[in-house]
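Have a look at the structure below before the remarks.
None of these values were measured; they are calculated from a predicted model. Lettering of chains follows the sequences in order, A, B, ..., and the numbering in each one begins at 1.
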Amino acid sequence: MKQLVVNNASLALAFMLVLVAMIISTKEKLHLAKDIIYSIIRAIIQLTIIGYVLKYIFQLNNAWLTILMCLLIVVNASWNAYKRNPNARHHFRDYLETFLALFISTFVTLGLIILSGSLKLVPSQIIPITGMIAGNSMVAVGLCYRALNSQFRDQRQQILEKLALGAPIKTASLPILRESIKTAMQPTIDQAKTVGLVNLPGMMSGLIFAGVDPVRAIRYQILITFMLLSTTSLGAIIAGYQAYRHYFNDQQQLNETN
Amino acid sequence: MAILTLKNVSYTVDQQQIIPDLNLTVAANDFLTITGPSGCGKSTLLKLIASLATPTSGEIIFAGKNQLDYERPLYRQQVSYCFQQPTLFDQTVRDNLQLPFEIRQQDFDQARVTNYLELVALPANFIDKKITDLSGGERQRVALIRNLIFPPKILLLDEVTAGLDSRSKEIVQDLIRQLTQDKITLIQVTHDSDELKTAANIIHMKQGGIIDETISR
Ligand SMILES: Nc1ncnc2c1ncn2[C@@H]1O[C@H](COP(=O)(O)OP(=O)(O)O)[C@@H](O)[C@H]1O
Ligand SMILES: [Mg+2]
């Protein structure tokens with residue numbers, strides 16, 4: 001395999017790319033300059049730390065440490081998905097529900113890939129794949145939460161009508177729930193349709209960069225497409241079926257403020 | 001015999017007291033009419049009775065049992081609230097009339113639906129109409145059938161004839177008149193002068209959710 005080298009000098013030159021964004025922001029008065037600086041500094045620090053941490057973990061090749069790292073990824077992804085729920089109120093319980101959705105969707109998907117024999121049980125394969133699965137589930141769960149919230153706001157009167165007719169909260173919410181899960185999965189489905197035609201996804205590009213035969217690289221990409229469909233659908237369904245309940249009180253009445 | 005009793009019912013939202021301390025008894029098969037200025041709390045009162053909101057204090061007794069002791073969906077199927085300017089849901093008239101069957105886990109009964117459509121002067125093929133194609137009066141009539149297709153014990157009508165075209169209004173008033181013959185307890189809110197003229201039991205509410213006077217004739 002050819003080794004890909006990005007040295008510090010070429011990184012410094014590539015910083016010009018950031019300057020392009022900064023100049024546009026300043027000229028167009030987007031007021032993004034501060035945000036851009038903050039975000040790249042964060043990215044550099046985060047990635048540097050994670051680079052060393054991963055190097056250490058890969059060298060140690062310890063099962064418990066790998067599991068711990070995967071759990072940390074899921075805890076973190078859950079926190080981010082939880083924060084995207086505009087209706088999160090009872091903080092710890094809501095967080096636990098989000099965690100459950102991320103945990104199940106990530107580890108069921110990961111487990112199936114491991115069972116299929118496409119992954120070696122080494123940290124350098126398990127950890128990046130877990131990150132990819134959890135990251136996509138996180139986005140899907142966040143989308144599901146937001147779609148639920150906007151529909152509960154827009155269709156408030158319709159839900160009230162159904163409740164008044166004696167519908168249980170689940171029957172009253174079902175169309176909204178389905179729509180939200182669809183919304184959450186749509187990006188993954190759209191991506192699956194255009195994969196390879198428009199952009200070469202990160203994983204595949206990475207493999208090709210590193211000198212892997214494209215025909216072998218696509219097999220990984222196909223695997224990842226399957227994986228993402230599984231994790232986003234599981235994540236959105238588990239999260240959605242728990243989250244809709246919190247729009248109602250114990251008397252099965254729609255909560256006042258959303 | 002009283003089918004519905006409100007004991008010292010109050011309702012407060014955001015520190016605003018909408019209903020202060022209300023007592024009311026409704027006998028089975030009564031036809032009660034509530035009227036009063038806009039914003040005095042009539043709709044809120046009906047929503048409390050329908051268990052779409054819970055009293056801050058006091059209790060509501062339905063058929064000898066506290067409202068809160070019923071399973072919520074079952075209670076609301078028996079104490080059915082028809083909204084002021086109802087909204088139809090989903091896509092078609094069928095979707096709306098299907099729900100009452102669905103929540104009772106029964107198959108959609110076409111003949112029964114046709115009968116009820118006829119009752120409000122709508123043709124049988126109306127069932128496949130898109131809800132967006134309906135006039136305000138037609139919408140109101142479909143909404144009423146939703147409440148009635150499995151007749152409740154108490155029907156709560158919140159200004160259901162307000163703002164309707166004269167034909168729809170006549171049809172709805174006829175329907176209400178027919179319902180008084182059935183074993184349904186009716187509580188309606190109205191401003192309509194004709195409806196008030198013919199009403200036998202009237203409650204006048206005033207600002208602040210207070211019962212001003214009760215007239216029986
Ligand atoms: N959910 C609510 N939150 C805050 N205020 C409300 C709410 N529902 C009703 N109100 C207030 O309660 C009062 C009574 O409203 P309502 O029962 O709709 O009156 P009516 O039907 O007699 O016109 C009004 O002042 C209204 O603004
Ligand atoms: Mg009203």
Got a second to check how far [X]'s [atom1] is from [Y]'s [atom2], nearest 0.5 Å?
X: B:F83; Y: A:Q157; atom1: CZ; atom2: CD; result: 5.0 Å
X: A:L165; Y: B:R76; atom1: CG; atom2: CZ; result: 10.5 Å
X: A:L160; Y: B:Y81; atom1: CG; atom2: OH; result: 9.5 Å

Chain A contact via [X] - side chain, backbone, both or neither, heavy atoms under 4.5 Å:
X: B:P100; result: neither
X: B:L156; result: neither
X: B:E102; result: side chain

Hey, is [atom1] on [X] packed in by over 12 heavy atoms from elsewhere, all under 6.0 Å?
X: A:Q251; atom1: CD; answer: yes
X: B:D69; atom1: CG; answer: yes
X: A:F226; atom1: CZ; answer: no
X: A:Y220; atom1: OH; answer: no
X: B:Q110; atom1: CD; answer: yes
X: B:D107; atom1: CG; answer: no
X: B:Q207; atom1: CD; answer: yes

(Q) Looking at A:Q252 and B:R72, would you say the former's side chain and the latter's main chain have a donor-acceptor pair under 3.5 Å? (A)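 Not confirmed, A:Q252 side chain does not pair with B:R72 backbone.
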
Q: Might you point out which heavy atoms bring B:T87 and A:E161 nearest each other, and give the distance in Å?
A: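 That would be N-OE2, 2.7 Å.
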
Q: Looking only at non-hydrogen atoms, find the nearest pair between A:P168 and B:I103 and report the distance.
A: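 In this case the closest contact between A:P168 and B:I103 is CD-CG2, 4.0 Å.
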
Q.
Less than 4.5 Å to any heavy atom of chain B: does that hold for the side chain of A:P175, its backbone, both, or neither?
A.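 The answer is the side chain of A:P175.
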
Q.
Please classify the contact of A:I169 with chain B as side chain, backbone, both or neither, using a heavy-atom distance under 4.5 Å.
A.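 Neither part.
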
Q. Tell me, do B:L99 and A:T171 make a side-chain contact under 4.5 Å, heavy atoms counted?
A.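 The answer is yes; the side chains approach within 4.5 Å.
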
Q: Determine whether B:D90 and A:K162 make a side-chain contact, defined as any pair of heavy atoms from C-beta on separated by less than 4.5 Å.
A: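 When only atoms from C-beta onward are counted, A:K162 and B:D90 do touch, with a gap below 4.5 Å.
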
Q. In terms of heavy-atom pairs under 4.5 Å, which option from B:S80, B:S51, B:C82 contacts chain A the most?
A.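 Highest number of heavy-atom pairs under 4.5 Å: B:S51.
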
Q) Regarding A:Q253 and B:T54, is there a side-chain donor-to-acceptor distance under 3.5 Å anywhere? A)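 Present: a donor and an acceptor within the cut-off.
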
